[in-house]
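Below is one structure, written out as structure tokens; comments come after it.
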Amino acid sequence: MTRICVPVCVSRLSELADAVRAAADVADVIELRLDYLTEVDLSHAGEAIASVLKAVDQQIILTLRPAEYGGARAISAQDRLLFRLQYSGYPKSDRDDLCDLELDLALLLQKRAGEGNDVVGTNLCDWDRTICSYHDLVGVPADLEKIYESMAQT
């Protein structure tokens, strides 16, 4: 079955609800590309995201992608980790939403969980509903099978 995913890429939090409503008119899945928000707006996005989740029936993918992986701006691994801590209950169990983590962050979380650090361990996301992604913006990497194995282990 074909499904249509519409990314929502707004730069201001005040635009988020309208953009999600417009996407909901045509999408089966809506990806909230939060890396397009300014740092200030992202730090205040909690209520807006909660409101969006209540307003649409479509599955949501929450994405915070750094520039080196095709994101809209530079975001450090530490800032992405702090963001995941802020949204540690996402996705909620009453929805089938997804969480998108780039491989580097997934491996960092896996390492910290292995060190027994529950604060930044496996509870950051429901791993059964986590998309582990890898982005090579230049071409097909020579070690693609190794990358796949790393992703499959997360």
Side-chain angles (χ1 to χ4, degrees), residues 1-13 15-16 19-20 22-24 26-43 45-46 49 52-53 56 58-93 95-154:
M1 180 169 129
T2 302
R3 297 176 71 194
I4 305 296
C5 178
V6 175
V8 171
C9 308
V10 296
S11 59
R12 295 195 324 241
L13 200 51
E15 302 168 338
L16 186 63
V20 168
V26 296
D28 300 305
V29 179
I30 300 170
E31 181 181 23
L32 297 183
R33 287 292 306 272
L34 300 176
D35 46 287
Y36 279 80
L37 291 173
T38 66
E39 189 173 339
V40 171
D41 275 0
L42 180 61
S43 69
I49 291 170
V52 163
L53 292 177
V56 297
Q58 286 84 350
Q59 185 178 46
I60 300 287
I61 302 172
L62 189 63
T63 302
L64 183 64
R65 187 164 295 136
E68 65 266 27
Y69 299 130
R73 62 185 172 86
I75 307 169
S76 70
Q78 183 66 26
D79 286 343
R80 290 184 292 143
L81 181 58
L82 291 173
F83 175 79
R84 291 296 170 208
L85 284 170
Q86 181 181 356
Y87 291 94
S88 62
Y90 186 89
K92 301 295 184 195
S93 60
R95 294 180 50 97
D96 64 347
D97 298 325
L98 300 169
C99 209
D100 183 356
L101 295 179
E102 287 73 25
L103 178 59
D104 68 326
L105 190 57
L107 292 173
L108 176 63
L109 292 173
Q110 193 176 52
K111 177 183 176 203
R112 291 192 178 186
E115 295 168 350
N117 189 341
D118 289 336
V119 174
V120 289
T122 56
N123 293 328
L124 279 178
C125 223
D126 179 346
W127 288 93
D128 290 334
R129 293 188 288 166
T130 297
I131 299 169
C132 182
S133 59
Y134 178 85
H135 308 273
D136 188 319
L137 305 177
V138 177
V140 178
D143 59 346
L144 186 58
E145 288 183 22
K146 183 178 177 184
I147 293 167
Y148 170 79
E149 290 300 323
S150 293
M151 292 175 75
Q153 303 248 343
T154 63

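Just so you know, residue 1 is the first one in the sequence shown, and it goes up from there.
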If you look at every heavy atom in Ala24 and Val56, which pair is closest and at what distance? CB-CG1, 4.0 Å
In Å, rounded to the nearest 0.5 Å, how long is the span from SG of Cys99 to CD1 of Ile60? 12.5 Å
Going through the distances and angles, do Leu64 and Ile75 end up as a side chain to side chain contact (heavy atoms under 4.5 Å, CB included)? CA-CA 8 Å; Leu64 183 64; Ile75 307 169; 3.6 Å; yes
Which heavy atom in Gln58 sits nearest to a heavy atom in Asp97, and how many Å separate them? O-OD1, 4.1 Å
Audit row: Asp100, Arg65, salt bridge (Lys or Arg N to Asp or Glu O under 4.0 Å) steps and yes/no: CA-CA 9 Å; Asp100 183 356; Arg65 187 164 295 136; 2.6 Å; yes
Side-chain donor-acceptor pairs of residues 2-12 under 3.5 Å, sequence neighbours excluded:
{"unit_1": "Arg3", "atom_1": "NH2", "unit_2": "Gln59", "atom_2": "OE1", "d": "3.1"}

In terms of heavy-atom contacts, Pro141 and Ile147 come closest through CG-CD1, 3.7 Å
As an exercise, state the distance from CG of Leu137 to NE2 of His135, rounded to the nearest 0.5 Å. 8.0 Å
Where is the tightest heavy-atom contact between Gly70 and Arg33, given as atom of each residue plus distance? O-NH2, 3.5 Å
Working for side chain to side chain contact (heavy atoms under 4.5 Å, CB included), residues Tyr134 and Met151: CA-CA 8 Å; Tyr134 178 85; Met151 292 175 75; 3.7 Å; yes
Identify all side-chain donor-acceptor contacts of residues 36-43 below 3.5 Å with residues at least two apart in sequence or on another chain.
{"unit_1": "Thr38", "atom_1": "OG1", "unit_2": "Asp41", "atom_2": "N", "d": "3.0"}
{"unit_1": "Asp41", "atom_1": "OD2", "unit_2": "Leu13", "atom_2": "N", "d": "2.8"}
{"unit_1": "Ser43", "atom_1": "OG", "unit_2": "Val40", "atom_2": "O", "d": "2.6"}

Separation of Leu62 CG from Ile49 CD1 (nearest 0.5 Å): 5.5 Å
Measuring from atom CG of Asp136 to atom OH of Tyr69, what distance do you get when rounded to the nearest 0.5 angstrom? 10.0 Å
